[in-house]
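Reviewing the structure listed below.
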Amino acid sequence: MPAACTLYGSFLSAPTYRVGLMLALCGLPFDYRHVDLSKGEHKTAEFLELNRFGQVPVLVHDGLNLCQSFAILEYLAEVTGKFAPATMEERQRIREWLFWDADRLSPGIGRTRFFERFAKPDAAVMDYMRMNAEAGLGVLNAQLEGKRFLVGERPTIADIGCFGTLIHMAEGRFELANWPNVKTWWDRMSALPGFTPPYDLLPKFDRAAA
Ligand SMILES: N[C@@H](CCC(=O)N[C@@H](CS)C(=O)NCC(=O)O)C(=O)O
């Protein structure tokens, strides 16, 4: 993948981390632009030119501005050939995981963590979010029984996507040890060459590629 990459994101953002982690695991240096969500920088006319949805992350590569982190993972897998499906069946299985994550896992985990960290809504709302998150963790735990990775015998963007979703789970007061198969898989993901934890990978300032 010869062209340079620029990642726009926030150090607090799991979707930004998901893309940053993919780049790091692929060994691809990237310029980083810090988008300060607290100042509404993601809603400026300039940023909306990059992402019509007014959200981070955005990846700019080869003249294309790309949004939606799971779609960006698919793009990167395609252009690098890394963490990519080897067969049509794998492609579909990976998509199933990514779509399920966006539908079920991310909302529960992400919102519970957001509310725990930044706001305290009504207890019933918190319970509902937490229940959804725990249901998602239960699905992951069951699926990882006796398996090294989510699809096939090697890590794919399905793993990177779901791992990125869980990365701040401790901030949502989820105890990883309660889902032992998820914990074993987490340790395996954290041992991949190039793995970098979120607050090391994503700074609070712009950074040029090393
Ligand atoms: N489905 C999107 C979700 C992105 C997202 O929710 N980004 C958050 C930060 S973690 C954001 O930009 N929030 C501001 C907003 O939605 O206005 C993705 O996966 O990229």
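Counting starts at 1 for both ligands and their atoms, following the listed order. All of these numbers come straight from a predicted model, not from anything done at the bench.
The closest protein non-hydrogen atom to atom 10 (S) of ligand 1 is Ser13 OG, 3.3 Å. Among all non-hydrogen protein atoms, the one lying nearest atom 4 (C) of ligand 1 is Val56 O, 3.3 Å. Summary of contacts: the protein heavy atom closest to atom 1 (N) of ligand 1 is Gln68 OE1, 2.7 Å. Protein heavy atom at the shortest distance from atom 19 (O) of ligand 1 is Ser69 OG, 2.6 Å. Ranking the protein heavy atoms by distance from atom 17 (O) of ligand 1 puts Lys43 NZ, 2.7 Å first. For atom 16 (O) of ligand 1, the nearest non-hydrogen atom of the protein is Gln55 NE2, 3.0 Å.
The backbone N or O of Gly54 sits less than 3.5 Å from a side-chain atom of Lys43, completing a donor-acceptor pair.
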Q.
Could you walk me through whether Phe149 and Trp185 satisfy the ring-ring contact (aromatic ring centres under 6.0 Å, His included) test, starting with their C-alpha distance in whole Å, then the side-chain angles of each, then the deciding distance to 0.1 Å, before giving a yes or no?
A. CA-CA 7 Å; Phe149 297 103; Trp185 168 80; 8.2 Å; no

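Close contacts between ligand 1 and Gly54 involve ligand atoms 15 (C), 17 (O) [criterion: under 4.0 Å to a heavy atom].
The 12-atom threshold is not exceeded at NZ of Lys39, counting heavy atoms of other residues, nucleotides or ligands nearer than 6.0 Å. Within a 6.0 Å sphere centred on OH of Tyr128, heavy atoms belonging to other residues, nucleotides or ligands number 12 at most. More than 12 heavy atoms of other residues, nucleotides or ligands sit less than 6.0 Å from atom NZ of Lys147.
The part of Pro15 lying near ligand 1 is the side chain, judged by heavy-atom distances below 4.0 Å.
Looking at Pro57 next to ligand 1, no N or O pair under 3.5 Å apart turns up.
No option in Glu171, Arg130, Arg111 other than Arg130 meets the side chain to side chain contact (heavy atoms under 4.5 Å, CB included) test with Glu116.
Criterion: ILVMFWY side-chain heavy atoms under 4.5 Å apart, direct or through other members. Under it, Tyr75 and Leu7 are part of a common hydrophobic cluster.
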